[in-house]
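Note on naming: letters A, B, ... go to the chains in the order of the sequence lines (proteins, then strands), and numbering restarts at 1 for each one. On a predicted model such as this, the values are computed, not experimentally measured, just so you know.
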There are 2 protein chains.
Amino acid sequence: MQSKLGKILVVDDEKDIIQIVKYNLELNGYEVEIAENGVDAISKAKSFKPDLILLDIMMPHKDGIQTCIELRANSEYDDTLIIFLTAKSDEQSEIKGLELGADDYISKPIKPKLLVSRIHSAFRRLSKDDGKIISFPNLEINRERFLVKHNGVEVMLPRKEFELFSLLASKPGRVFLRNEILEKVWGSEVIVGDRTIDVHVRKIRQKLNADFIHTVKGVGYKFEI
Amino acid sequence: MQSKLGKILVVDDEKDIIQIVKYNLELNGYEVEIAENGVDAISKAKSFKPDLILLDIMMPHKDGIQTCIELRANSEYDDTLIIFLTAKSDEQSEIKGLELGADDYISKPIKPKLLVSRIHSAFRRLSKDDGKIISFPNLEINRERFLVKHNGVEVMLPRKEFELFSLLASKPGRVFLRNEILEKVWGSEVIVGDRTIDVHVRKIRQKLNADFIHTVKGVGYKFEI
DNA sequence: TAACGAGATTACGAAATTGTTAAGTTAGCT
DNA sequence: AGCTAACTTAACAATTTCGTAATCTCGTTA
């Protein structure tokens, strides 16, 4: 028997769905744990430490959105993938879900092959992510060289700016809360004022003279090309 | 029994082939581990730390090409040889494979003697290649003689300076953190003051009178021509 | 429309980091 | 012991980066 490819926590209130999903994932070499609602999910996540959480949106006892918010607020799950699983083909919630830090979105009814392939590729993305280089069509962020190359021009950013920028760029489209940014770039002990992040963001925008960083009022910032 | 010549990870989805290859390699003094697909290969590579990976191209669960790409993306395997093993006599894939960082290419059906001799010579190349000389257009660093030749002029650097310089030059462009430098040049036990590295850097810059070493404030130093 | 909330800008001083020089230290040689 | 080269350290200068306060801007709300 091959070693497990990864641990997945499946959260859904419908037992039929759980069974189908669990069966297919296990068949493909994943280790699966289940939870029936958000409250349960959070507690199982704590003990099971999954690499990926498949999260239904509509559930009693804390819905998927809320659960996602709470998970993402805890830096312990920074490296945990979250994929929403939902019957709503509602685009609103898709956007909302992804902005909240989910990594993908799969609609019901579930097609096993599709499910497995999406999960495979999510894992692939994750494992690639320790990569030293984040690249986009006209932008490349090289963590090894501490260099940003924009339209062929190399730009040197000072440490904080670089860290902030590469944090945001590490998950394009995902909104980072101001707290989260402070936590990751400045660390939990350091306390800096309210405007500090803004000022750094401004300097980055200025130096790259482009708007890769988008403001989400009242929430935080996100990177998007 | 002689000591092992080297560790080889054999990756193929056909068990017959694995058996033939494994048998022949072990007969010739190599230590062999096996994997049946790309995913498995990557995980085995991590734990087994092979010197050479024999990689089949066509496999389920991540093909050889993809596996090679992922391995080569990780600098941990910079010194690992990769040899493709495939039934395709297709030249396209040969070129593609070699471009991706593979070191050789062996076609099926496998002839044991040929296989072993190709592997022997791959190892021979590797052992030669732990190169004592790092060279650039107008700069040559000879690790064997502790000599740096810049624009034809030989410069003798004292030990620490030489080690520091050749460490940085071993990965041009890559930023070495101050910690990293201390760890590798001075060792983990020795504790030296804050300015020690700077002073050495200064002396190197002075003696070569050129700016191969660039400062990345708040981070470290990097070598760049 | 005035008041308000959130972010954007700016400029500036404090803090952190590196550069430079010169003066110790140490180890090996003669 | 005396000498020398290699290393370290100390002290201070030079730079760069960072954080903050003060002031704007803009959209929203009462």
- line: Whole-Å distance, A:Tyr221 OH to C:dA6 P, equals 13 Å
- prompt: Is A:Thr215 touching bases, backbone alone, or none of the nucleic acid, heavy atoms closer than 4.0 Å?
  reply: sugar-phosphate
message: What contact category does B:Val201 fall into here, base, sugar-phosphate, or nothing, at under 4.0 angstrom with non-hydrogen atoms?
response: nothing
message: I want to verify a distance call: between C:dA8, D:dT20, C:dG19, whose nearest atom is closest to the A:Thr196 side chain?
response: D:dT20
task: Please work out which of the three classes, parallel, tilted or perpendicular, describes the rings of A:Phe212 and A:Phe165, given edges at 30° and 60°.
output: tilted
message: Tell me the interatomic distance from A:Asp198, atom CG, to C:dT9, atom P, rounded to whole angstroms.
response: 10 Å
- request: Count the heavy atoms belonging to other residues, nucleotides or ligands that lie under 6.0 Å from NZ of B:Lys49, then report whether that count exceeds 12.
  value: yes
- prompt: Do the side-chain N or O atoms of B:Trp186 get closer than 4.0 angstrom to the phosphate oxygens (OP1, OP2) of D:dT8?
  reply: yes
- prompt: For the pair made of CD1 in A:Ile197 and C1' in C:dT9, what is the distance, rounded to whole Å?
  reply: 16 Å
task: Indicate the ring-plane relationship of A:His200 and A:Trp186, choosing parallel, tilted or perpendicular according to the 30° and 60° boundaries.
output: perpendicular
statement: note: B:His200, atom NE2; C:dT21, atom P; distance rounded to Å ~ 16 Å
task: Round to a whole Å and report the spacing from CD of B:Gln206 to C1' of C:dA22.
output: 13 Å
query: Of the options A:Asp194, A:Asp198, A:Thr196, which is the one that meets A:Arg178 in a side chain to side chain donor-acceptor pair (under 3.5 Å)?
result: A:Asp198
message: For DNA chain D, which residues of residues 155-172 of chain B approach it to below 4.0 angstrom with any heavy atom?
response: B:Pro158, B:Arg159, B:Lys160
- request: Assign each of B:Lys203 and A:Val199 to its nearest nucleotide of DNA chain C by heavy atoms, then name whichever residue's nucleotide is nearer the 5' end.
  value: A:Val199
task: In whole angstrom, give the distance that lies between atom CZ of A:Arg202 and atom C1' of D:dT25.
output: 13 Å
query: Where is the tightest heavy-atom contact between B:Tyr221 and B:Thr215, given as atom of each residue plus distance?
result: CE2-OG1, 3.4 Å
task: Would you kindly give the CZ-to-C1' distance between B:Arg195 and C:dT21, to the nearest whole Å?
output: 13 Å
task: Decide if the gap between the ring center of B:Phe146 and the ring center of B:Phe162 is smaller than 6.0 angstrom.
output: yes
message: Just the rounded figure in Å: distance from P of D:dT17 to CZ of A:Phe146.
response: 13 Å
message: Can you say whether a donor on the side chain of B:Lys217 sits under 3.5 Å from an acceptor on the base of C:dT17, or the other way round?
response: yes
query: Where the side chain of B:His150 meets the backbone of B:Leu139, is there a donor-acceptor pair that is under 3.5 Å apart?
result: no
